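One structure below.
Ligands are counted one by one from 1 in listed order, and the atoms in each one are counted from 1 as well. As the structure is a computational prediction, the values presented were derived from the model and not from experiment.
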Amino acid sequence: MATMMLASLWACVYSRFLRGWLKWALRLLTGRCELQRICGRARAGARRTSGIEHSLELSKNKVLRNAVYVGEDEVEKCVTDIMKEKKIIEQKNKEFKTNLQVCLLQISGYKQLYLDVENLRKVPYDSDNEEHEEKLIKLWNLLMPHENLKARITKQWCNIGFQGDDPKTDFRGMGLLGLVNLVYFSKHYTSEARQILSHSNHPKLGYSYAIVGINLTEMAYSLLKSGALKSHFYNAVPGLPNTEHFHQFYCYLVYEFDKFWFEEEPESIMHFNHYREKFHERVKALLLDYDIVLTLQNRREQ
Ligand SMILES: *[C@@H]1O[C@H](CO)[C@@H](O)[C@H](O)[C@H]1NC(C)=O
């Protein structure tokens with residue numbers, strides 16, 4: 001308790017007084033501002049971009065502090081403004097300028113990605129919408145190439161892990177995002193998806209493929225929302241991430257969760273909560289590493 005209080009007191013003193021003083025002293029000593037020093041010592045990716053993001057967020061200068069909120073199309077102007085504020089001469093610091101620009105693009109890209117994913121999540125599944133229906137049928141055809149659907153409303157849906165005879169009610173809080181993720185995985189990793197579906201029919205360790213798949217969409221979404229995926233995206237995408245990159249991360253989760261489930265051998269699906277949380281904690285721990293990139297391809301090459 002006492003150490004915790006001391007630690008938070010230190011953090012407070014540090015952020016209020018020492019940080020500013022230290023930055024000023026280092027600027028005098030090195031002739032470079034904090035942003036330049038970060039770009040100089042940290043290689044491209046999460047180490048550099050998160051360092052820059054953190055420094056900007058803590059800045060007392062409004063231009064710098066606001067830089068983490070600029071949109072993609074304002075990045076270039078923002079970089080010029082920052083260099084003016086910090087009296088950094090462009091001609092002599094071309095590399096710094098490029099690096100800072102990439103960092104700001106990644107920072108704004110992550111925020112935009114969250115908004116795009118959120119927009120998809122907010123669309124409820126609508127069985128009167130032809131596009132939605134097509135996606136659902138496509139999911140079936142990708143997973144069950146040798147079995148035709150006998151009707152739109154049928155108990156067959158349970159064979160791919162939906163709960164009843166109409167999947168429309170199973171997407172709940174994840175809306176269209178849940179379906180798009182399921183289709184993406186089945187389309188881009190068809191053999192893996194069919195293999196996991198067949199695992200999920202295991203007599204003792206089985207689980208509902210689609211329902212768990214939708215649940216993992218929620219995991220991916222909440223990791224994105226909390227900022228936990230920053231390191232991954234800053235390392236994996238050197239520019240602006242898009243929803244495709246998010247679907248790729250989802251594929252990693254589905255693939256790893258299935259492996260995890262069979263390694264853990266849960267007593268029954270009744271313990272889903274517990275194992276989901278354990279898996280979630282494991283992924284969160286991996287994401288704390290500044291050098292992390294979580295992709296399905298990487299895992300398979302190992
Ligand atoms: C996913 O599973 C957890 C744990 O059982 C639950 O709390 C959560 O509501 C589920 N989310 C979705 C979208 O089904």
Could you list the atoms of ligand 1 found under 4.0 angstrom from a heavy atom of Arg276?
-> 1 (C), 2 (O), 3 (C), 4 (C)

Residue part near ligand 1, for Glu277, under 4.0 Å between non-hydrogen atoms = neither

List the closest protein heavy-atom neighbour of atom 1 (C) of ligand 1: residue, atom name, distance to the nearest 0.1 Å.
-> Asn215 ND2, 1.5 Å

Proximity of His202 and Tyr207 rings by center, below 6.0 Å = no

Kindly state if atom 11 (N) of ligand 1 has a protein heavy atom within a strict 4.0 Å cut-off, that is, under 4.0 Å?
-> yes

Just checking, any donor-acceptor pair under 3.5 angstrom between side chains of Glu72 and Ser108?
-> no

Pair Glu256-Lys259, salt bridge (charged side-chain N to carboxylate O under 4.0 Å, His left out): steps then yes or no | CA-CA 5 Å; Glu256 290 298 316; Lys259 250 180 24 198; 3.4 Å; yes

Ring centre gap for Phe249 and His245 strictly below 6.0 Å = no

Of all the non-hydrogen atoms in the protein, which one sits nearest to atom 5 (O) of ligand 1, and at what distance?
-> Asn273 OD1, 2.8 Å

Nearest protein heavy atom with distance in Å, relative to atom 8 (C) of ligand 1 = Glu218 OE1, 3.3 Å

Is it true that Glu281 and Lys284 make a salt bridge, defined as a side-chain N closer than 4.0 Å to a carboxylate O?
-> yes

